[in-house]
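Naming: A, B, ... by sequence-line order, numbering from 1 per chain.
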Protein chains: 2
Amino acid sequence: MENMEKFLQKHNVKPTPQRMVIAQFVVNSKSHPTADQIFQGVAEQLPVALSRATVYNTLNTLVQAGALKEVYLESGPARYDANINDHHHFIDVKTGKVFDIDADKVKALAPELGAGFKVHHYSVTFFGESKAAD
Amino acid sequence: MENMEKFLQKHNVKPTPQRMVIAQFVVNSKSHPTADQIFQGVAEQLPVALSRATVYNTLNTLVQAGALKEVYLESGPARYDANINDHHHFIDVKTGKVFDIDADKVKALAPELGAGFKVHHYSVTFFGESKAAD
DNA sequence: TTCCAATATTAGAATAGCTCTAAAATTCGT
DNA sequence: ACGAATTTTAGAGCTATTCTAATATTGGAA
Ligand SMILES: [Mn+2]
Ligand SMILES: [Mn+2]
Ligand SMILES: [Zn+2]
Ligand SMILES: [Zn+2]
């Protein structure tokens, strides 16, 4: 998926220079970058000044459009993810690195992620509707 | 666990009037309140002025001491939880209400929480260490 | 008991993350 | 080309939290 113009059009987002470099940066990134990291990494690539507002606007637009996911891992800023498949995340508590974990791996029961991951603990957040009183 | 003085002492936190009303408020609350909700609910109960800094200081102290848990559910402010057992959370997307879900219920495989909960989706965050490259 | 040192609390300033505002620039159909 | 609609911009504003530095409270030694 290398052509950003097509990528944006596919999601019905008008391609602009700002949007293309921002989307490109997130797609290239495996690290679930924050808005500020995106701003830092992208500002120099543009001939004109880039506003933080544009970064936030663009990221919100792309999340709305389903082109990116916004992910809240702990406290701190939102992070952005070009992996829009159903997946969860594994955070290495030593390095802070974030790994994508396919949803199937989790359904197949939690701590069987493979030898590379030692799980200290995990937290699950459900979203839905409840009939419970309180 | 009604005596806050004992509650704080058990966790090696010096009992002060501010700490007692703050801890009491969180213990009484089932709703995972934010620092600001705690501040609002507690300020009037004290004969002296209460500073927001004291609320944050106290909550951080109690989390450090293991007397409370700090929980990040979505974006927005941290929430505080007197349930220090191993548990997860269920958020009703209609009402925003937060329910405690015992960790055993989750281990016993995800969407079997009982009839009262209709799960739209859920996200799992693992914390641990990985050997994976990137 | 009165000190004193340690700790806790305070109001407000500072910082971080994000959104809003209103003006300027760009785009695009005509 | 023109004008309406959209996008971008700089900076102000807002929310959540921490920091600062001064004041108040505590609890143990003298
Ligand atoms: Mn957002
Ligand atoms: Mn905290
Ligand atoms: Zn991801
Ligand atoms: Zn809870």
Item checked: Residue pairs fulfilling salt bridge (Lys or Arg N to Asp or Glu O under 4.0 Å) with at least one residue in residues 14-29 of chain A, sequence neighbours excluded ->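 For residues 14-29 of chain A, and leaving out neighbouring residues, there are no salt bridge (Lys or Arg N to Asp or Glu O under 4.0 Å) pairs at all.
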I'd like to check the side chain to side chain contact (heavy atoms under 4.5 Å, CB included) partners of [X]; sequence neighbours left out, ordered by chain and number.
| X | result |
| --- | --- |
| B:P15 | B:E5, B:L8, B:Q9, B:M20 |
| A:Q45 | A:V21, A:V42 |
| B:T54 | B:Q18, B:L50, B:S51, B:T58 |

side-chain hydrogen bond (donor to acceptor under 3.5 Å, both in side chains) against [X], all qualifying residues, sequence neighbours excluded:
| X | result |
| --- | --- |
| B:N85 | B:N83 |
| B:Q40 | B:D36 |
| A:N57 | none |

Just the atom pairs and distances: protein N or O near nucleotides 10-12 of chain C's N or O, under 3.5 Å.
| from | atom 1 | to | atom 2 | distance (Å) |
| --- | --- | --- | --- | --- |
| C:dT10 | OP1 | B:A49 | O | 2.1 |
| C:dT10 | OP2 | B:S51 | N | 3.2 |
| C:dT10 | OP2 | B:T54 | OG1 | 2.4 |
| C:dA11 | N7 | B:S51 | OG | 3.2 |

Note to self: If we count only N and O atoms by modelled type, under 3.5 Å, do the side chains of B:H87 and B:D81 hold a donor and an acceptor together?
What the structure shows: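 Their side chains do contain a donor-acceptor pair, which is all the 3.5 Å distance test asks for.
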Can you measure [X] atom [atom1] to [N] atom [atom2] for me and round it to whole angstrom units?
| X | N | atom1 | atom2 | answer |
| --- | --- | --- | --- | --- |
| A:L8 | D:dT6 | CG | P | 17 Å |
| B:Y56 | D:dT20 | OH | C1' | 17 Å |
| B:E74 | D:dA16 | CD | P | 14 Å |
| A:N12 | D:dT7 | CG | P | 12 Å |
| B:L59 | D:dA16 | CG | P | 14 Å |
| A:L62 | D:dT8 | CG | C1' | 15 Å |
| B:Y72 | D:dT15 | OH | P | 19 Å |
| A:Q64 | D:dT7 | CD | P | 13 Å |

Note to self: In this structure, would B:I84 and B:V13 fall into the same cluster of hydrophobic residues linked by side-chain contacts under 4.5 Å?
What the structure shows: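 The answer is no; the residues belong to distinct hydrophobic clusters.
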Write down the protein N/O and nucleotide N/O pairs, taken from nucleotides 27-29 of chain C, whose separation is under 3.5 Å; answer none if there are no such pairs.
none

Item checked: Residues within residues 34-44 of chain B bordering DNA chain D, heavy-atom distance below 4.0 Å ->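 Per residue number, the list is empty: none.
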Check: Which residue pairs satisfy the ring-ring contact (aromatic ring centres under 6.0 Å, His included) criterion with at least one member in residues 14-33 of chain B, sequence neighbours excluded?
Finding: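 ring-ring contact (aromatic ring centres under 6.0 Å, His included) check on residues 14-33 of chain B returns B:H32-B:H89.
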Note to self: In the structure I gave you, are the side-chain heavy atoms of A:R79 and A:L73 within less than 4.5 Å of one another anywhere?
What the structure shows: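 The answer is yes; the side chains approach within 4.5 Å.
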